[in-house]
Q: 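Starting off with a structure, shown below.
Computed from heavy atoms alone, side chains included, the values below leave out hydrogens, waters and symmetry copies. Count residues from 1 along the sequence.
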Amino acid sequence: MPIPRRPLGRSGLTVSALGLGCMGMSEFYGAADDATSIATLHAAIDLGAAFLDTSDIYGPHTNERLIGRAIADRRDRVQLATKFGIRRSDDGRPLGLDSTPEYVRQACDASLQRLGVDTIDLYYQHRVDPNVPIEDTVGAMAELVTAGKVRHLGLSEAAPSTLRRAIAVHPIAALQTEYSLWSRDPESELLATCRELGIGFVAYSPLGRGFLTGRYRTIDDLGPDDWRRTNPRFIGDNFKKNLDVVAEVQRLAAAKGCTPAQLALAWLLAQGDDIVPIPGSTRAERVVENAGALGVTFTAAELAAIDALAPNVAGERYMAGGMKLVNG
């Protein structure tokens, strides 16, 4: 079925209702295969899942170059999002946060060059920098809009109070934050704030970094260089407990006649037409499978059964250092 489009808040930006997270094509989840990744990107664009999400730190830098090569002959069919604010050296060493106005301008120019485009559709601050007032950062981002380098602005993992301060400087099209069946934190206040302010919600890791698909049964199913080996939800007893959640997702999906991935994505899509999930995929067949979620609907009783899974998830989203960078 054709993938419909959804507006991101009141910004005027519309994107495919299901996007594509591109991080894993270059790093974090094992060895990269550019040829396979480009084929996957082309399949997603052809299918209509053309809201592509990258960042300058993925690789670092190599993911933007990959996306640039993939979209060079089809830029007009893509809604392109990238991010700045977490600095890494070319060899991958972390260099901390930087959202100073000077770096905003520098990072945008570098991303435009790597992507091979004149304009970025949606430009996010990747993490809130506690050392730079959000007003200064968004002010510099707004200058990029005026210069025609960026069409719309976004924030990632920002707190409600930060959103209010940011939108007082310039319209914010989207907030990107982790949201899935096993990451329900946005429901406490963040979603309501976005809706009040007219900000769209982009949900990353909507499949729980792949866990909710049922693909991983033991830690050894992950490669030796897979970042998830250090994620609290994939470690020790938490992994074992979370397999019970996956078993229930599989049971509900079988009853519904869909895959676990489709069930998890369809549930998220059902939480509001202002929510756009961006599942990561490195293979075209997974993109096709995920798109099937758009044909899955639920009764109130089915939604209640799925909602009941949330309290059973074990472990934080990130290790302690990573958790300090969210809800900024």
Side-chain angles (χ1 to χ4, degrees), residues 18 20-21 23-25 27-31 40 157 177-188 203-271 275 277-283 285-294 296-299 301-323 326:
L18 201 65
L20 179 63
M23 180 185 77
M25 294 178 175
E27 196 182 12
F28 299 111
Y29 293 161
T40 300
E157 293 287 3
T177 292
E178 184 172 355
Y179 186 27
S180 71
L181 282 176
W182 76 349
S183 293
R184 305 283 292 275
D185 295 349
E187 295 173 350
S188 62
Y204 76 83
S205 293
L207 299 176
R209 299 182 173 84
F211 203 111
L212 294 172
T213 67
R215 177 181 175 187
Y216 305 106
R217 308 307 301 173
T218 74
I219 195 67
D220 292 330
D221 289 333
L222 301 172
D225 57 347
D226 194 308
W227 165 82
R228 289 170 290 191
R229 282 180 170 269
T230 66
N231 183 274
R233 293 181 177 176
F234 286 78
I235 293 174
D237 288 341
N238 287 348
F239 191 108
K240 296 175 183 176
K241 291 177 182 176
N242 288 332
L243 285 176
D244 293 336
V245 176
V246 172
E248 187 62 10
V249 170
Q250 291 175 313
R251 185 188 69 80
L252 292 168
K256 193 65 183 171
C258 64
T259 68
Q262 289 168 343
L263 182 111
L265 292 171
W267 172 85
L268 196 50
L269 289 162
Q271 303 311 301
I275 296 172
I278 50 168
S281 299
T282 58
R283 296 191 175 277
E285 59 266 28
R286 293 287 175 248
V287 173
V288 174
E289 176 188 345
N290 291 343
L294 291 157
V296 178
T297 59
F298 301 107
T299 65
E302 288 170 335
L303 284 172
I306 300 170
D307 286 343
L309 298 174
N312 302 315
V313 176
E316 294 279 10
R317 294 199 280 137
Y318 294 101
M319 297 291 279
M323 289 303 295
V326 302

Q: Considering non-hydrogen atoms only, spot the tightest contact between L207 and A261 and give its length.
A: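 Taking L207 first and A261 second, the nearest heavy atoms are CD2-O, 3.6 Å.
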
Q: Begin from the C-alpha positions of D185 and R317 and carry the test side-chain contact (heavy atoms from CB on, under 4.5 Å) through to its verdict.
A: CA-CA 10 Å; D185 295 349; R317 294 199 280 137; 4.1 Å; yes

Q: Run through L243, I235, N242 and flag the one making a side chain to side chain contact (heavy atoms under 4.5 Å, CB included) with F239.
A: L243

Q: Could you give the distance from CH2 (W267) to CZ (F298), rounded to the nearest 0.5 Å?
A: 10.0 Å

Q: Main chain of P232, side chain of N238: is a donor-acceptor contact present, judged purely on distance under 3.5 Å?
A: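 Side chain of N238 to backbone of P232: a pair is present.
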
Q: State, to 0.1 Å, how close P206 and A203 come at their nearest heavy-atom pair, and which atoms those are.
A: CD-O, 3.7 Å

Q: How long is the span from the CG atom in L181 to the CG atom in N312, to the nearest 0.5 Å?
A: 11.5 Å

Q: If you apply the rule side-chain contact (heavy atoms from CB on, under 4.5 Å), what do you find for W227 with E27, and how did you get there?
A: CA-CA 9 Å; W227 165 82; E27 196 182 12; over 6 Å; no

Q: Quick one: closest heavy-atom pair of V296 and G292, and the distance?
A: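 That would be CG2-O, 3.7 Å.
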
Q: Please tell me if the side chains of Q250 and L263 come closer than 4.5 Å, counting only heavy atoms from C-beta onward.
A: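 No, too far: nothing below the 4.5 Å cut-off.
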
Q: Please evaluate residues M23 and Y204 with respect to the criterion side-chain contact (heavy atoms from CB on, under 4.5 Å), reporting the C-alpha separation (whole Å), side-chain torsions for both, the decisive distance (0.1 Å), and the verdict.
A: CA-CA 11 Å; M23 180 185 77; Y204 76 83; over 6 Å; no

Q: In terms of heavy-atom contacts, does CE of M319 have more than 12 from other residues, nucleotides or ligands at under 6.0 Å?
A: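 No, not enclosed.
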
Q: For a quick test of reading the model, state the closest non-hydrogen atom pair linking G208 to F234 and the distance between them.
A: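 Closest heavy-atom pair between G208 and F234: O-CZ, 3.9 Å.
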
Q: Mind jotting down which residue pairs meet the salt bridge (Lys or Arg N to Asp or Glu O under 4.0 Å) criterion with at least one end in residues 255-265? Sequence neighbours excluded, please.
A: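 Qualifying pairs, neighbours excluded: K256-E302.
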
Q: Do R209 and Y318 form a cation-pi contact, if we require the NZ or CZ to be under 6.0 Å from the six-membered ring centre and within 45 degrees of the ring's axis?
A: yes

Q: Less than 4.5 Å apart, side chain to side chain, heavy atoms only: is that true for P260 and L212?
A: no

Q: Could you state the interatomic distance from OG1 (T218) to CG (D221), rounded to the nearest 0.5 Å?
A: 4.0 Å

Q: Any side-chain heavy atom of L309 within less than 4.5 Å of one from W182?
A: no

Q: Keeping the roles fixed (side chain from T40, backbone from T282), state whether a donor-acceptor pair exists under 3.5 Å.
A: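 At least one qualifying donor-acceptor pair exists.
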
Q: Is the shortest heavy-atom distance from the side chain of V288 to the side chain of E285 under 4.5 Å?
A: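 No. Closest side-chain heavy atoms not under 4.5 Å.
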
Q: Does S183 use its side chain to pair, donor to acceptor, with the backbone of S180 at less than 3.5 Å?
A: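 Answer holds: no.
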
Q: Please check if the side chain of N290 supplies one atom and the backbone of V287 the other of a donor-acceptor pair under 3.5 Å.
A: no

Q: Can a donor-acceptor pair be found, under 3.5 Å and without considering hydrogens, that links the side chain of R229 to the backbone of G223?
A: yes

Q: Could you go through the side-chain contact (heavy atoms from CB on, under 4.5 Å) check for R228 and R233 one step at a time?
A: CA-CA 8 Å; R228 289 170 290 191; R233 293 181 177 176; over 6 Å; no

Q: With a 3.5 Å distance limit and no angle check, can you tell me whether Q262 reaches the backbone of E289 through a side-chain donor-acceptor pair?
A: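 Flag set: sc Q262 to bb E289 pair under 3.5 Å.
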
